[in-house]
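Both ligands and their constituent atoms are indexed starting at 1 by order of listing.
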Amino acid sequence: MSDLRPFEIDNSGIDPQTNFSANPEFSEVLAANLQRRSFLKGTLGTAVATVFGGGLLGCNSSTTPAPVPLPEAVLPAPVQTFLNFKAIATSRLDTVVVPEGYSARPFLPMGTPLTGSYPAYRVDGTNSGADMEQQVGAHHDGMHFFPLDARGEGKNSNEGLLVFNHEYIDANVLHQNGPTGLPRPTDEVRKEVAAHGVTVAHIKKDAAGQFQLVQGSPLNRRITGATPMDIAGPARGHAKMVTKYSTDGTRTRGTLNNCGNGYTPWGTYLTAEENWAGYFMNSDVQQPREHKRYGVGTKNGRYYWETADSGADQYQRFNASTIATDADRDYRNEPNTFGWIVEIDPFNPDSVPQKRTALGRFGHEGVVFAPVAEGQPVVFYSGDDSTFEYIYKYVSKAPYFKATAGGHLLNEGTLYVARFNDDGSGEWLALDINSENFRAKALAANVEFSSQADVLINTRLAADVVGATKMDRPEWGAVHPQTGEVYFTLTNNTSRTDAQVNKANPRAKNATGHIIRWRERAAANSFDWDIFLLAGDVGTATGDLKLTADNHLASPDGLAFDKNGLLWIQTDMSGSQQNSGPYGNNQMLVADPKTKQIKRFLVGPVDCEVTGISFTPDMKTMFVNIQHPGDRSTPTQFTSNWPSDDKTQRPRSGTVIVTKNDGGVIGS
Ligand code: FEO
Ligand code: CA
Ligand code: CA
Ligand code: CA
């Protein structure tokens, strides 16, 4: 007998629009830049027309010229040629396809025994919550390979730590019969919380040259949605961070919805909290701005964790309603301890993860640093992946010195948000309560911030106030290792209307997305940008670059440069886009920005996303993640069985190891 009520998990609002701010749209920005543009029109208009073509940006209602393309960067002659492989076709197969001459091997799928008593993975979905805490989690996403000597030369290509995110879960295949009902049985909730977070896996090549997990290594570690963490930086100890768990606002439990990642020049891992807001609910009549602007639910959390039938505090915290008399007696502030970049030291299994609040609070897709130089500040870029959200840049206050670099560089600095002007210039607008411009803008918008911590807790609102450019869902960024040019994927935005089109987001109802790039100017806080690629079907053109059957794509998401300057592009098309479009399953392509050659390199199995990428230092092993294969499965019918060939097996997210059969460099 059970009194469980049925319920449904709603995955439709994963990237909800919560930006309804009156932040000036491009028409106003245009007016402000009129004078400058006239100058550009006179001098560079012809070149612009040639490179971007006539029809491409023609949907733009403005009559201004397209932005000036960035001039070619001067690079040293390559030591070898790349992209010599034959591009693969799109695929609807339930397997990972790579080009001829390459091999792909599944590795560390969800449920792989990792720590403690190394509980075996059970194919029938009956592993407990306690098991999951000692196994590789679900929904592999951002990833980095740290060579075992990463703190030194970083040249070891045979042994290291593979660290990767677990973005979310598919309850239909995680549990034996799917999720049971309401209230949630506590062990199901425990298992789901444990399937989130991060895996640190110590891996080493065996005698046959194949990477294997090092069983029993003290470096193997699971970080979950329940692991104790410190709040670091300006928001540490702020009144809005106070909870029943941490009455002084300095600690919290867990990291959630870890999408893209980053790493630091000092050898630590960064994990990004993306769609965390949906895990909480707050049924107060009026939600505070630090909940509402991020989309905290009013009725229930995404997985109803707050209903766990044990009533344990660690699950009740997902109810962020005002319940008690004071903030230190309930969890009204719990969502404020999420939305951050979290730094993890993978080489110290006892280290406490640090939520780096100076980098801002939003739907962090990932984070990427610009090349570092002795005596200069460190610079990190991060996108906020929701409809009409922004791109940010963090600049440390203290300069970088290799000998002393560490997490302190992420505690004090300035956070900026990007404005992309229609003429191809851009500005970084400081979200700094000590900046006169910021204070004036806040005053004009009738918005009050009491401190820099308050600004950071309400980063999206601060960015609204200064007039940042609303983008088509910023996903990953990548910085060219030699030129320092920054590339960002804008995955799609079908909500953009004709009236909201601008040069940086040039298509209304943008279903297929694009990749923007910029180069910092020597003058502080400004840059030049252009559009590197408009994604779409065969024939879609960006200037003289026309997509073909070898490289048509939609919804670019994961993005990374390898050390040879090749740009790897991963797609995250929705199920309907995969099923109804010409693109097949999600895929990974590789581009040489210098030649603008792009080739499809990998196609994933059915109903997956291809995301997460890293390499060994010798560039002969590539790690790629396959997330949520078979994500339209029911508890009894699986739309994919990957990585198994057995049609009865439930699908599992996992890594794939890609190598070249002749032992050569990946991408050659
Ligand atoms: Fe988790 Fe924005 O992709
Ligand atoms: Ca992503
Ligand atoms: Ca995505
Ligand atoms: Ca995803």
To the nearest 10 degrees, how large is the angle at atom 1 (Fe) of ligand 1 between Cys259 SG and Glu274 OE1? 90°
Is the Ca ion (ligand 3) less than 3.0 Å from an N/O/S atom of Glu609, whether that atom is in the backbone or a side chain? no
Is it possible for you to check whether Arg293 lies under 6.0 Å from the centre of the six-membered ring of Phe20, through NZ or CZ, and within 45° of that ring's axis? no
Flag the pair Glu334 and Arg253 as a salt bridge only when some basic side-chain nitrogen lies within less than 4.0 angstrom of an acidic carboxylate oxygen. no
Phe488 and Trp518 aromatic ring geometry - parallel, tilted or perpendicular at 30°/60° bounds: parallel
So, is the end of the Lys470 side chain (NZ or CZ) under 6.0 Å from the ring centre of Phe420 and within 45° of the ring's axis? no
More than 12 heavy atoms of other residues, nucleotides or ligands under 6.0 Å from NZ of Lys509: yes or no? no
In Glu475, the N/O/S atom nearest atom 2 (Fe) of ligand 1 carries the name OE1
Between Glu475 and the Ca ion (ligand 3), is there a contact where an N/O/S atom of the residue lies under 3.0 Å from the metal? yes
Can you name the N, O or S atom of Glu365 that is closest to atom 2 (Fe) of ligand 1? OE1
Assess Glu365: does it contribute an N, O or S atom lying under 3.0 Å from the Ca ion (ligand 3)? no
Evaluate Arg222 against Thr199 for side chain to side chain contact (heavy atoms under 4.5 Å, CB included), listing each step before the verdict. CA-CA 5 Å; Arg222 272 307 314 285; Thr199 283; 3.1 Å; yes
Name of whichever N/O/S atom of Asp385 is nearest to atom 2 (Fe) of ligand 1: OD2
Need one value: angle at the Ca ion (ligand 3), Asp572 atom OD2 versus Asp557 atom OD2, rounded to 10 degrees. 90°
What pair of heavy atoms forms the shortest contact from Pro481 to Lys563, and how long is it? CG-O, 4.0 Å
Is Asp572 close enough to atom 2 (Fe) of ligand 1 to have an N, O or S atom under 2.8 Å? no
Does the shortest distance from atom 1 (Fe) of ligand 1 to an N/O/S atom of Glu167 fall below 2.8 Å? yes
